[in-house]
Number of protein chains: 2
Amino acid sequence: MAADDLHLASAARLRASGQRYTSNRRAVVDVLAGADRPLTIPELLARRSLAQSSVYRNLAVLEDSGVVHRVTSTDEFARFELAEDLTEHHHHHLICSTCGAVADFTVSDGLEDALARTMANVAATGFRPEHHRLDLVGRCAACA
Amino acid sequence: MAADDLHLASAARLRASGQRYTSNRRAVVDVLAGADRPLTIPELLARRSLAQSSVYRNLAVLEDSGVVHRVTSTDEFARFELAEDLTEHHHHHLICSTCGAVADFTVSDGLEDALARTMANVAATGFRPEHHRLDLVGRCAACA
DNA sequence: ATTCGTGCAAATAGTTTGCAGCAGA
DNA sequence: TCTGCTGCAAACTATTTGCACGAAT
């Protein structure tokens with residue numbers, strides 16, 4: 001997706017939630033769009049000088065509006081990435097069990113289909129699946 | 001696995017790490033063995049009256065020794081369960097996106113095989129997979 | 001006797017929030 | 001103008017740690 005379309009789509013989702021697409025929020029989306037993996041707040045602040053509290057607040061707003069997605073790792077930092085339907089890139093995460101680093105990866109369509117079938121089956125138990133989370137946990141190149 | 005064998009195996013793993021199997025640690029293993037899902041520290045404390053700091057410290061020791069496993073959800077609480085090779089019950093988690101509740105579930109052997117093949121493929125990239133994590137995120141019965 | 005575990009209370013750190021000033025509709 | 005965003009600093013909360021005492025070898 002082109003950068004302009006991304007911002008247009010982000011603005012639309014915020015507007016749908018009664019929120020504005022301010023320059024700070026645009027900056028957050030920009031930084032996340034330029035990363036090839038989910039970013040922590042310190043990483044985000046290192047790439048764009050913003051008030052920490054505004055970043056926390058804006059990420060919460062962006063998450064509520066479905067523009068960004070929160071990723072959980074093994075360390076104490078929350079990580080954020082753009083929603084998959086904005087990037088049009090369904091992917092999963094490699095998570096380092098030692099340092100908590102997160103990288104993106106994809107799997108075959110066949111496996112994704114199998115996952116989708118599994119989700120449909122579980123729906124019978126009273127649980128309403130929204131999406132799945134397939135992570136590979138192990139040692140990253142730096143920690144191996 | 002019988003309760004006695006579980007404690008025997010737990011004691012052996014701790015000893016291998018140069019740690020003792022104290023009554024507090026045994027109590028933690030007991031409580032986790034009696035739960036059908038990962039427990040938070042508050043939940044653990046509610047089931048057995050222990051000092052909070054000891055529970056945190058003992059869970060860290062038990063995790064290092066491979067007796068318990070830490071589970072991450074969407075809320076701010078860490079959750080703990082017995083290691084799969086102690087319970088002999090490979091499973092995955094249903095995670096509520098609203099309240100963070102976690103429940104266990106299993107998938108077909110076919111899907112597990114496909115996951116194993118995927119893990120083998122990713123190994124080529126410099127990442128050394130240790131295990132996979134397949135979670136279904138959605139609304140639990142209480143939050144639906 | 002010496003090493004390690006325990007429990008209380010204090011410290012730490014990621015995240016959230018109150019508030020006064022500013023900006024956009 | 002009026003609502004809501006911003007940024008600073010203070011508050012909040014899960015988790016960690018210092019320390020003195022007790023238990024185990």
Side-chain angles (χ1 to χ4, degrees), chain A residues 7-8 10-31 38-65 67-80 99-102, chain B residues 7 10-31 38-65 67-80 95 99-102:
Chain A
H7 289 300
L8 238 37
S10 300
R13 293 197 185 183
L14 284 174
R15 218 174 307 113
S17 307
Q19 303 282 351
R20 299 173 187 164
Y21 196 45
T22 65
S23 61
N24 271 0
R25 292 171 186 173
R26 187 186 172 98
V28 168
V29 170
D30 251 342
V31 171
L39 298 182
T40 64
I41 274 94
E43 287 171 341
L44 223 156
L45 290 173
R47 284 165 174 70
R48 207 64 72 91
S49 188
L50 298 167
Q52 194 184 48
S53 62
S54 293
V55 171
Y56 274 105
R57 265 193 277 236
N58 286 329
L59 283 170
V61 169
L62 290 167
E63 190 183 7
D64 278 350
S65 306
V67 176
V68 312
H69 182 232
R70 180 187 302 254
V71 177
T72 299
S73 177
T74 56
D75 62 11
E76 62 269 59
F77 293 96
R79 284 170 169 76
F80 298 87
C99 72
V102 178
Chain B
H7 289 300
S10 300
R13 292 196 185 185
L14 284 174
R15 217 175 308 114
S17 307
Q19 301 282 352
R20 299 173 186 164
Y21 196 46
T22 66
S23 61
N24 270 2
R25 290 172 187 174
R26 186 186 174 98
V28 169
V29 170
D30 252 342
V31 172
L39 298 181
T40 64
I41 273 94
E43 287 170 340
L44 223 156
L45 291 172
R47 285 166 174 69
R48 206 67 70 91
S49 188
L50 297 167
Q52 193 185 49
S53 62
S54 293
V55 171
Y56 274 105
R57 266 193 276 238
N58 285 329
L59 283 170
V61 169
L62 290 166
E63 190 183 8
D64 278 350
S65 306
V67 176
V68 312
H69 182 231
R70 181 187 300 253
V71 177
T72 299
S73 177
T74 56
D75 61 11
E76 62 268 60
F77 293 96
R79 284 170 170 77
F80 299 87
I95 297 181
C99 72
V102 178

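Convention: sequence-line order gives letters A, B, ...; per-chain numbering from 1.
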At a cut-off of 3.5 Å, list every protein nitrogen or oxygen paired with a nitrogen or oxygen from nucleotides 16-21 of chain D, distance to 0.1 Å.
residue	atom	partner	partner atom	Å
D:dG18	O6	B:Arg57	NH2	2.9

Least distance between heavy atoms, [X] atom then [Y] atom:
X: A:Ser73; Y: A:Arg79; value: CB-NH1, 3.5 Å
X: B:Gly100; Y: B:Asp75; value: CA-OD2, 3.9 Å
X: A:Ser65; Y: A:Arg13; value: O-CB, 3.6 Å
X: B:Val68; Y: B:Leu59; value: CG2-O, 3.9 Å
X: B:His7; Y: B:Tyr21; value: ND1-OH, 2.6 Å
X: A:Ser10; Y: A:Val67; value: OG-CG1, 3.7 Å

### Task
Please list, chain by chain and in numerical order, all residues satisfying side-chain contact (heavy atoms from CB on, under 4.5 Å) with A:Arg15, sequence neighbours excluded.
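For A:Arg15, the residues satisfying side-chain contact (heavy atoms from CB on, under 4.5 Å) (neighbours in sequence not counted) are A:Ala11.
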#### Entry: Interatomic spacing from CD in A:Glu76 to CD in B:Glu76 - rounded to 0.5 Å
15.5 Å
### Message
Working to the nearest 0.5 angstrom, can you tell me the gap between A:Ser23 OG and A:Arg26 CZ?
### Response
9.5 Å
### Query
Does B:Ser54 have a side-chain nitrogen or oxygen under 4.0 Å from the phosphate oxygens OP1 or OP2 of C:dG5?
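False: B:Ser54 side-chain N/O out of range (4.0 Å or more) of C:dG5 OP1/OP2.
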### Task
Specify the angle, to 10°, made by the local axes at the two ends of the helix from C:dA1-D:dT25 to C:dA25-D:dT1 when five pairs are taken at each end.
30°
### Message
Restricting to salt bridge (Lys or Arg N to Asp or Glu O under 4.0 Å), what partner residues turn up for A:Asp30, sequence neighbours left out?
### Response
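In terms of salt bridge (Lys or Arg N to Asp or Glu O under 4.0 Å), with neighbours along the sequence ignored, A:Asp30 is linked to no residue.
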### Message
If I take atom CG in residue A:Leu59 and atom C1' in nucleotide C:dT16, what distance separates them, rounded to the nearest angstrom?
### Response
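Going from A:Leu59 (CG) to C:dT16 (C1'), I get 13 Å.
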Contact check, side chains of [X] and [Y], non-hydrogen atoms, under 4.5 Å:
X: B:Asp64; Y: B:Gln19; answer: no
X: B:Leu50; Y: B:Val28; answer: yes
X: A:Leu62; Y: A:Leu14; answer: yes

### Query
Going by number, which of residues 38-49 of chain A have a non-hydrogen atom under 4.0 Å from DNA chain C?
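The stretch gives none, as no residue of it lies under 4.0 Å from the strand.
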### Query
For residues 15-26 of chain A, which residues have at least one heavy atom under 4.0 Å from DNA chain D?
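The answer is A:Gln19, A:Arg20, A:Thr22, A:Asn24, A:Arg25.
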